[in-house]
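Structure record follows, encoded as structure tokens.
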Amino acid sequence: MIKSDIIHPDLLQALAQCGHKANILITDANYSFLTNTSAQARIIWLNFTPGMIGSVVILEKILGYINVEKATLMASPADFDNTVEREYRGMLSEAIEVEHVERNAFYSLAKSSDTLLVIASGETRRFANILLTVAPTLV
């Protein structure tokens with residue numbers, strides 16, 4: 001039996017294959033997984049039911065396995081209270097660059113050949129999609 005925080009065998013294998021500059025997309029439950037991701041990206045389905053498994057839990061566990069150099073978020077309206085972004089920022093090192101891009105630019109990045117892994121979450125909060133760029137060293 002694997003003794004770690006992540007025991008999902010496909011997810012462990014996919015994380016091991018993501019080298020420096022690879023992108024990992026953690027999506028919310030409303031994301032269009034098949035049309036707005038790279039054709040060669042591996043999709044890990046963790047969206048069993050709305051609210052389970054949330055993107056914050058996934059990010060927390062992923063950060064224990066990879067080094068992140070950048071996090072890209074879809075820009076939300078100025079009057080939107082983005083609670084999930086605050087939770088993400090609380091987990092990300094201050095050394096990690098956080099960028100916001102508009103919706104279509106986010107989809108373009110997600111469709112890039114650099115996006116090797118997509119993790120479908122059951123997160124129901126809006127604007128919870130986060131694109132992580134793998135770093136070569138601990139940041």
Side-chain angles (χ1 to χ4, degrees):
M1 183 67 173
I2 296 172
K3 292 183 175 183
S4 70
D5 285 346
I6 298 176
I7 60 172
H8 191 290
D10 292 337
L11 181 54
L12 288 170
Q13 180 186 33
L15 286 171
Q17 294 172 336
C18 291
H20 179 222
K21 296 294 184 182
N23 288 332
I24 298 170
L25 175 61
I26 302 172
T27 70
D28 62 30
N30 296 309
Y31 196 84
S32 49
F33 308 103
L34 299 179
T35 59
N36 283 311
T37 58
S38 169
Q40 73 263 11
R42 184 172 188 173
I43 299 177
I44 303 294
W45 303 96
L46 298 181
N47 55 343
F48 181 69
T49 188
M52 291 181 65
I53 298 170
S55 60
V56 172
V57 170
I58 294 169
L59 178 61
E60 176 189 17
K61 300 307 178 188
I62 296 297
L63 289 174
Y65 281 81
I66 63 163
N67 301 316
V68 173
E69 110 182 346
K70 181 179 178 182
T72 304
L73 300 163
M74 190 181 291
S76 58
D79 63 346
F80 180 74
D81 182 20
N82 197 334
T83 58
V84 72
E85 179 180 346
R86 284 196 298 274
E87 290 181 51
Y88 289 160
R89 286 183 177 269
M91 291 187 292
L92 296 169
S93 160
E94 289 186 19
I96 296 172
E97 176 188 354
V98 177
E99 178 183 30
H100 292 85
V101 297
E102 59 90 21
R103 179 183 306 270
N104 289 325
F106 188 91
Y107 291 150
S108 292
L109 291 170
K111 290 179 183 179
S112 159
S113 62
D114 292 335
T115 302
L116 300 181
L117 175 59
V118 177
I119 305 170
S121 82
E123 183 63 60
T124 57
R125 290 179 283 182
R126 294 176 55 218
F127 298 102
N129 305 303
I130 184 168
L131 187 67
L132 307 171
T133 301
V134 177
T137 58
L138 197 55
V139 285

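The first residue of the sequence shown is numbered 1, and numbering continues consecutively from there. The structure displayed is predicted, hence computed values, not measured ones.
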d(L92 CG, L63 CG) to nearest 0.5 Å is 6.0 Å
| said: Taking atom CE as the centre, does M91 end up with more than 12 heavy-atom neighbours from other residues, nucleotides or ligands that are less than 6.0 angstrom away? | reply: yes
Inset, instruction - Ignoring hydrogens and angles, state whether a donor on the side chain of N47 or S121 is under 3.5 Å from an acceptor on the partner side chain. - result: no
Tightest non-hydrogen contact, residues C18 and V134, listed as O-CG1, 4.0 Å
Note to self: Tell me if a side-chain donor or acceptor on Y65 pairs with a main-chain N or O of L12 at a distance below 3.5 Å.
What the structure shows: no
Student check: side-chain heavy atoms of R42 and L116 closer than 4.5 Å
no
- prompt: Are I44 and I66 grouped together when hydrophobic residues (ILVMFWY) are joined by side-chain heavy atoms under 4.5 angstrom apart?
  reply: yes
Of L59, N23, I119, the one forming a side chain to side chain contact (heavy atoms under 4.5 Å, CB included) with L132 is L59
Distance col, row K111:NZ vs N104:CG, nearest 0.5 angstrom, shows 8.5 Å
Passes side chain to side chain contact (heavy atoms under 4.5 Å, CB included), I62 versus I6? Steps please.
CA-CA 8 Å; I62 296 297; I6 298 176; 4.2 Å; yes
Q) Is the side chain of Y107 donor-acceptor paired with the backbone N or O of T35 at a distance under 3.5 Å, no angle test? A) no
| message | One pair to check against side chain to side chain contact (heavy atoms under 4.5 Å, CB included): Y88 and V98. What are the steps and the verdict? | response | CA-CA 10 Å; Y88 289 160; V98 177; over 6 Å; no
So does E94 have more than 12 non-hydrogen atoms from other groups sitting under 6.0 Å from CD? no
Q. Does the pair H20 and N67 meet the rule for a side chain to side chain contact (heavy atoms under 4.5 Å, CB included), with working shown?
A. CA-CA 9 Å; H20 179 222; N67 301 316; over 6 Å; no
The reported gap from CD1 in I24 to CD1 in I58 (rounded to nearest 0.5 angstrom) is 12.0 Å
One should read off an interatomic distance between E87 CD and N82 CG, to the nearest 0.5 angstrom, of 9.5 Å
ILVMFWY network linking I7 to M52, side-chain heavy atoms under 4.5 angstrom | no
For M74 and F127, the nearest pair of non-hydrogen atoms, with its separation, is O-CD2, 4.0 Å
Practice item. Take atom CZ of F80 as the centre, draw a 6.0 Å sphere, and report whether it contains more than 12 heavy atoms from other residues, nucleotides or ligands. Key: yes
**Message:** Could you check whether any side-chain heavy atom of R125 comes within less than 4.5 Å of a side-chain heavy atom of V56, counting everything from C-beta outward?
**Reply:** yes
inquiry  = Is any side-chain heavy atom of T72 closer than 4.5 Å to one of F106?
reply    = yes
Side chain to side chain contact (heavy atoms under 4.5 Å, CB included) between L25 and L109: does it pass, once the steps are laid out? CA-CA 10 Å; L25 175 61; L109 291 170; over 6 Å; no
*Is the closest side-chain heavy-atom distance between V101 and L131 below 4.5 Å?*
no
Tightest non-hydrogen contact, residues A120 and F33, listed as CB-CE2, 3.2 Å
Checklist entry - Is a side-chain N or O of Q40 found less than 3.5 angstrom from the main chain of S113, in a donor-acceptor match? => result yes
Heavy-atom closest pair (I96 atom, V68 atom, distance to 0.1 Å) is CG1-O, 3.3 Å
Inset, instruction - Taking the side chain as every heavy atom from C-beta outward, state whether T133 and D114 have any pair of such atoms under 4.5 Å apart. - result: no
Item to check | Side-chain heavy-atom pair V84, I130 within 4.5 angstrom cut-off | outcome: no
Taken to the nearest 0.5 Å, the spacing of K70 NZ from K21 NZ works out to 8.0 Å
Counting C-beta onward and ignoring hydrogens, is there a side-chain heavy-atom pair between L11 and L117 closer than 4.5 Å? yes
query = Is any side-chain heavy atom of H100 closer than 4.5 Å to a side-chain heavy atom of S76?
reply = no
Taken to the nearest 0.5 Å, the spacing of N36 CG from R103 CZ works out to 9.5 Å
Looking only at heavy atoms, the pair that brings E123 and D28 closest together is O-CB, 3.5 Å
message = Whether the side chain of T115 engages the backbone of A110 through a donor-acceptor N/O pair (distance < 3.5 Å, no angle test) should be reported.
response = yes
Go through T37 and Y31 one step at a time and tell me if the side-chain hydrogen bond (donor to acceptor under 3.5 Å, both in side chains) criterion holds.
CA-CA 10 Å; T37 58; Y31 196 84; over 6 Å; no
